[in-house]
Amino acid sequence: MVDKATLFRDAMAALASGVAVVTARRDNGAPCGLLATSVSAFSADPPSVLASIGHVSRCHDALIESEHFGVHLLSSDQEAVAATFAGLGEDKFAGLEWSWDQDVPAIGGVVAYLRCRRSALFELYDHSILIGDVANGARDAREPLVYMERSMRWRIEPRG
């Protein structure tokens with residue numbers, strides 16, 4: 001019999017997803033962010049996104065307490081950015097192309113950036129489910145970074 005936890009992890013590894021960084025501003029004014037593969041469209045009307053944030057993340061409190069947060073869909077050439085935000089470093093924004101979009105850290109060079117206003121928050125198990133209505137943002141014609149089978153080396157090939 002297969003262990004349920006192993007089965008779940010292996011099954012979810014086969015689900016391709018875009019790689020996103022979710023950002024917010026800390027109480028002390030510093031930017032924070034984390035890598036999230038659990039980001040998805042929530043509703044088209046109003047346009048909104050859902051992000052699942054682990055309670056153990058050092059950015060958890062800033063994200064769930066902020067009125068606004070940013071969702072950044074990384075481009076295929078931003079694997080190093082993904083690794084930085086997945087890691088434990090203190091200043092993940094050092095040497096990174098970014099700027100403030102009012103109270104939200106906005107990372108440059110991404111496929112898409114969405115500035116969201118928190119509209120709902122749910123706590124369940126070891127995660128907080130954060131839902132945000134899209135306030136503004138930008139879309140670029142870059143190729144996305146895709147995560148599948150525990151790897152970010154997957155690339156979307158343009159149609160011929």
Please say yes or no: joined through hydrophobic side-chain contacts below 4.5 Å, possibly via intermediate residues, are [X] and [Y] part of one cluster?
X	Y	value
V111	V146	no
F42	I129	yes
L73	V134	yes
W100	F85	yes
L50	V71	no

Flag side-chain contact, heavy atom, 4.5 Å: [X] against [Y]:
X	Y	answer
S75	D140	no
R58	L88	yes
T23	W98	no
R142	D77	yes

Rounded to the nearest 0.5 Å, what separates atom [atom1] in [X] from atom [atom2] in [Y]?
X	Y	atom1	atom2	value
S57	L35	OG	CG	10.5 Å
H68	C116	NE2	SG	9.0 Å
D91	T84	CG	OG1	10.5 Å
S76	L145	OG	CG	7.0 Å
H55	D61	NE2	CG	9.5 Å

Looking only at non-hydrogen atoms, find the nearest pair between [X] and [Y] and report the distance.
X	Y	answer
R25	A62	O-CB, 4.1 Å
G33	F93	N-CE1, 3.9 Å
Q78	G108	NE2-O, 3.0 Å

Any donor-acceptor pair under 3.5 Å linking the side chain of [X] with the backbone of [Y]?
X	Y	answer
S43	S48	no
R118	S66	yes
H60	S128	no
K92	P31	no

- Message: One pair to check against side-chain contact (heavy atoms from CB on, under 4.5 Å): E123 and I64. What are the steps and the verdict?
- Response: CA-CA 10 Å; E123 301 289 338; I64 68 164; 4.1 Å; yes
- Message: Could you go through E97 and I107, starting from their C-alpha distance and side-chain angles, then the distance that decides it, and tell me whether this counts as side-chain contact (heavy atoms from CB on, under 4.5 Å)?
- Response: CA-CA 6 Å; E97 177 191 339; I107 299 170; over 6 Å; no
- Query: With a cut-off of 6.0 Å (strictly less than), are more than 12 heavy atoms of other residues, nucleotides or ligands near CD of E65?
  - Reply: yes
- Just wondering, are more than 12 heavy atoms of other shown residues or ligands nearer than 6.0 Å to CG in D27? no
- Task: Take Y113 and V104, measure what side-chain contact (heavy atoms from CB on, under 4.5 Å) needs, and give me the verdict at the end.
- Result: CA-CA 11 Å; Y113 161 69; V104 175; 3.5 Å; yes
- Query: Testing L130, V22, I53 for side chain to side chain contact (heavy atoms under 4.5 Å, CB included) with V39, which one passes?
  - Reply: V22
- Item | Carboxylate-amine/guanidinium contact D103 R115, below 4.0 Å | yes
- Query: Step by step, would you call V81 with V110 a side-chain contact (heavy atoms from CB on, under 4.5 Å)?
  - Reply: CA-CA 10 Å; V81 174; V110 297; over 6 Å; no
